[in-house]
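Remarks on the structure that follows.
So that the names make sense, note that chain A is the first sequence line, chain B the second, and so on, each numbered from 1.
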Amino acid sequence: MPGFGLTLGYTIFYLCLIVLIPLAGVFVKAAGLGFDGIWQVVSSPRVYSALRLSFGAAAIAATINAVFGLLVAWVFVRYDFFGKKLLDATIDLPFALPTAVAGIALTALYSGNGWIGQFLEPLGIKVAFTPLGVILAMTFIGLPFVVRTVQPVLEEAEKELEEAAASLGATRWQTITQVILPTILPALLTGYALSFARAVGEYGSVIFIAGNLPLKSEIAPLLIIIKLEEFDYAGATAVAAIMLVLSFLLLLIINLLQGWSRTRSGARA
Amino acid sequence: MNRPVDHTLQDPPKLPFEPLIQKNAVITEARWVRVSLTAAALIFLLGFLLMPLIAVFVEALRNGIGAYFEAIVEDDAMAAIRLTLTVSLIAVPLNLVFGVIAAWAITKHSFRFKQLLITLIDLPFSVSPVVSGLIYVLIFGAQGWAGPWMSEHEFKVLFAVPGIVLATTFVTFPFIARELIPLMQAQGTDDEQAALSLGANGWQVFWRVTLPNIRWGLLYGVLLCNARAMGEFGAVSVVSGHIRGLTNTMPLHVEILYNEYNFSAAFAVASLLAMLALLTLGLKSLLEWRHGNELAATRRH
């Protein structure tokens, strides 16, 4: 095939220019702070609690998404109902809807006098401007990851195996937990990790509903912005470096999970 | 030969009773389980995904249709719309050219560390939008590496349009490449080899063989890339400086209006972005239904 040198050369050049060199800048700057410098920033109560909220809320949101994403994927693959095709398209809404729009819409719905918030408030459940709101927004933006990862694997799962299980006397519940679930487990975990990774770094949809109270409902990306506005470049870089390292670790885990998923089901997850 | 067919011979004899085991009864759930699972999924989708969308339009029209259009044609809003269009008109073609070239290099040739290259191209997806903005502040900011040189030559990147374009290009970097790579991998190089053996040159092969093969996948990637480029908030927010009428994109304008408690105007501008999202989803579904077999099998974002 012609054009190998030229196209590969341009690919690497553009990749370095836009992505690799700017990203490396964070690590060069962070290295300049030294380990002690980074530790000093991260161990401050405000940064620590922001990182804890970002990762904790993301883990909870990803768990909710794993449950409901699996339910939605199951219903869409296995059952038939009116308007299925149309609803299937709306699952990608959180991908397509700009995060700021999602953020103000969720806040309008779940604030004390919002459509949904007014029913939750009397029950003593405050969603907007609390960590609960952070989890809610993270769940919203992460849902498609689980559905879209599990759906194709579930579609390609062999029904013969289920028939075999049933003919051998397994109850439906046993078939689901011991035949179907192991098949889709790698895909489900991949979806969980993708949804978690997206939620950790999420900014636009979260800041409106979070209320952003320091030590309580302030997420790590917002703290980076606050530090930048205070011209505390070193502090911002330290937080960013921690987040980058953790997201690269996640990326590695996702790649391993996808490899496992491919060998487990033969399907592309 | 137009002999009428006697259908009674082909139909199986009618049973005097309903068959006990319905088709596939062993591999589905009891009816009440199916109904309640479907209901739970639908309530979740409607309540959780669709309600925010509806809320955007209801809130936007709260003060009437007149106020709605006023909020959109107002000078700062128009400037924001123009800037958003400009930025995506630069960032999307940049990534389009890169996506096609990268996919050509990766899928039509074999070389070492190919998987590593694909992972690196995907990298921007796993970076927080805020960090994506921060990296350019570290380079072009007043305290940044290129900062002093920039101010000496009166060339502004940060808090100006070039910075917004750069940040947008970064966050939308992988969209088109990652749509094309699996598609072109699946298509292989047979068509191109045939064209080459018939005497076509590289350029002709690309324009007449490869491009027609990947056009729907390419359009699909452009759609997703554009939606993200126009809607990007976090990264742009870091580099823009929020100067009204100058460096405010539509999502940033929404934020400013919202923080000024000008809710109906904020939702009016937001409704334009929501319509863009609906248009994207509609076109995307249309492509999947019409040309599903010409799109990459892996459709994840």
**Request:** Give a yes or no on whether A:F231 atom CZ has more than 12 heavy-atom contacts from other residues, nucleotides or ligands under 6.0 Å away.
**Result:** no
**Asked** Side-chain contact, heavy-atom cut-off 4.5 Å: B:R34 with A:F81?
**Response** no
**Message:** The test is side-chain contact (heavy atoms from CB on, under 4.5 Å); show your working for A:L23 and B:F170 and say whether it passes.
**Reply:** CA-CA 10 Å; A:L23 271 181; B:F170 180 93; 4.3 Å; yes
**Message:** So A:P22 and B:I139, do their side chains get closer than 4.5 Å, heavy atoms only?
**Reply:** yes
**Prompt:** Of the backbone (N, CA, C, O) and the side chain (C-beta and beyond), which part of B:L37 lies under 4.5 Å from a heavy atom of chain A, both, or neither?
**Reply:** both
**Complete:** Under 4.5 Å to a heavy atom of chain A? For B:L53 that would be side chain
**Complete:** Residue from A:P221, A:S247, A:G204 scoring the most non-hydrogen pairs under 4.5 Å with chain B is A:P221
**Asked** For B:L273, is it the side chain, the backbone, both or neither that has a heavy atom under 4.5 Å from a heavy atom of chain A?
**Response** both
**Prompt:** Considering only heavy atoms, which portion of B:V58 lies under 4.5 Å from any heavy atom of chain A: side chain, backbone, both, or neither?
**Reply:** side chain
**Message:** Between B:N259, B:L46, B:L276, B:V127, who has the most heavy-atom pairs with chain A when the cutoff is under 4.5 Å?
**Reply:** B:V127
**Prompt:** Do A:R198 and B:F125 have side chains that get closer than 4.5 Å, going by heavy atoms?
**Reply:** no
**Prompt:** B:W145 versus chain A, heavy atoms under 4.5 Å apart: side chain, backbone, both or neither?
**Reply:** side chain
**Request:** Please check if the distance between the ring centroids of A:F68 and B:F48 is under 6.0 Å.
**Result:** no
**Asked** Side chains of B:W289 and A:K85: closer than 4.5 Å at any heavy-atom pair?
**Response** yes
**Closest heavy-atom pair and its distance - B:S128, A:M243** = CB-CE, 4.3 Å
**Asked** When heavy-atom pairs shorter than 4.5 Å are enumerated against chain A, which of B:F111, B:F267, B:Y136 gives the highest number?
**Response** B:F267
**Request:** Counting only heavy atoms closer than 4.5 Å, note whether A:I104 contacts chain B via side chain, backbone, both or neither.
**Result:** both
**Closest non-hydrogen atom pair, B:P52 against A:A105** = O-CB, 3.4 Å
**Request:** Heavy atoms only, distances under 4.5 angstrom: which of A:L228, A:L106, A:L86 has the most pairs with chain B? Name it, please.
**Result:** A:L228
**Prompt:** Is there side-chain contact between A:I225 and B:S237, with at least one heavy-atom pair below 4.5 Å?
**Reply:** yes
**Message:** For A:Y203 and B:F233, take the angle between the two ring planes, folded into 0 to 90°, and tell me which bin it lands in: parallel under 30, tilted 30 to 60, perpendicular over 60.
**Reply:** parallel
**Request:** Side chain from CB out, backbone as N, CA, C, O: work out which of these in A:Y14 comes under 4.5 Å of a heavy atom of chain B, or both, or neither.
**Result:** both
**Complete:** Under 4.5 Å to a heavy atom of chain A? For B:L94 that would be both
**Message:** Side chains of B:V130 and A:L222, heavy atoms from C-beta outward: is any pair under 4.5 Å?
**Reply:** no
**Residue from A:V72, A:L87, A:V75 passing side chain to side chain contact (heavy atoms under 4.5 Å, CB included) with B:L42** = A:L87
**side-chain contact (heavy atoms from CB on, under 4.5 Å) assessment of A:L97 paired with B:V56** = CA-CA 11 Å; A:L97 197 66; B:V56 170; 5.6 Å; no
**Fill in**
Among B:A227, B:A55, B:S285, the residue with the most heavy-atom pairs under 4.5 Å to chain A is B:A55
**Item:** Considering all heavy atoms, the nearest A:T7-B:A105 contact
**Value:** OG1-CB, 3.4 Å
**Asked** A:A102 versus chain B, heavy atoms under 4.5 Å apart: side chain, backbone, both or neither?
**Response** neither
**Message:** Could you check whether any side-chain heavy atom of B:E29 comes within less than 4.5 Å of a side-chain heavy atom of A:I176, counting everything from C-beta outward?
**Reply:** yes
**Request:** Please flag which part of B:V137 lies under 4.5 Å from any non-hydrogen atom of chain A: side chain, backbone, both or neither.
**Result:** both
**Message:** Is there a side-chain contact between B:T38 and A:F76 in this structure, where contact means two heavy atoms from C-beta onward sitting under 4.5 Å apart?
**Reply:** no
**Complete:** Cut-off 4.5 Å, heavy atoms of chain A, and the answer for B:N226 is neither
**Message:** Does any backbone or side-chain atom of B:S132 lie under 4.5 Å from a heavy atom of chain A? Answer side chain, backbone, both or neither.
**Reply:** neither
**Request:** Could you look at B:A40 and say if it's the side chain, the backbone, both or neither that has a heavy atom under 4.5 Å from chain A?
**Result:** both
**Message:** With a 4.5 angstrom heavy-atom cut-off, is it the side chain or the backbone of B:Q193 that approaches chain A, or both, or neither?
**Reply:** both
**Message:** Taking side chain as everything from C-beta outward and backbone as N, CA, C, O, which of these in B:L49 sits under 4.5 Å from a heavy atom of chain A? Side chain, backbone, both or neither.
**Reply:** both
**Asked** Run the side-chain contact (heavy atoms from CB on, under 4.5 Å) check on A:F95 and B:K284 step by step: do they pass?
**Response** CA-CA 12 Å; A:F95 282 151; B:K284 176 175 165 298; over 6 Å; no
**Message:** As a quick check of understanding, evaluate side-chain contact (heavy atoms from CB on, under 4.5 Å) for A:I207 and B:E255, giving each step before the final call.
**Reply:** CA-CA 10 Å; A:I207 51 157; B:E255 184 198 20; 4.0 Å; yes
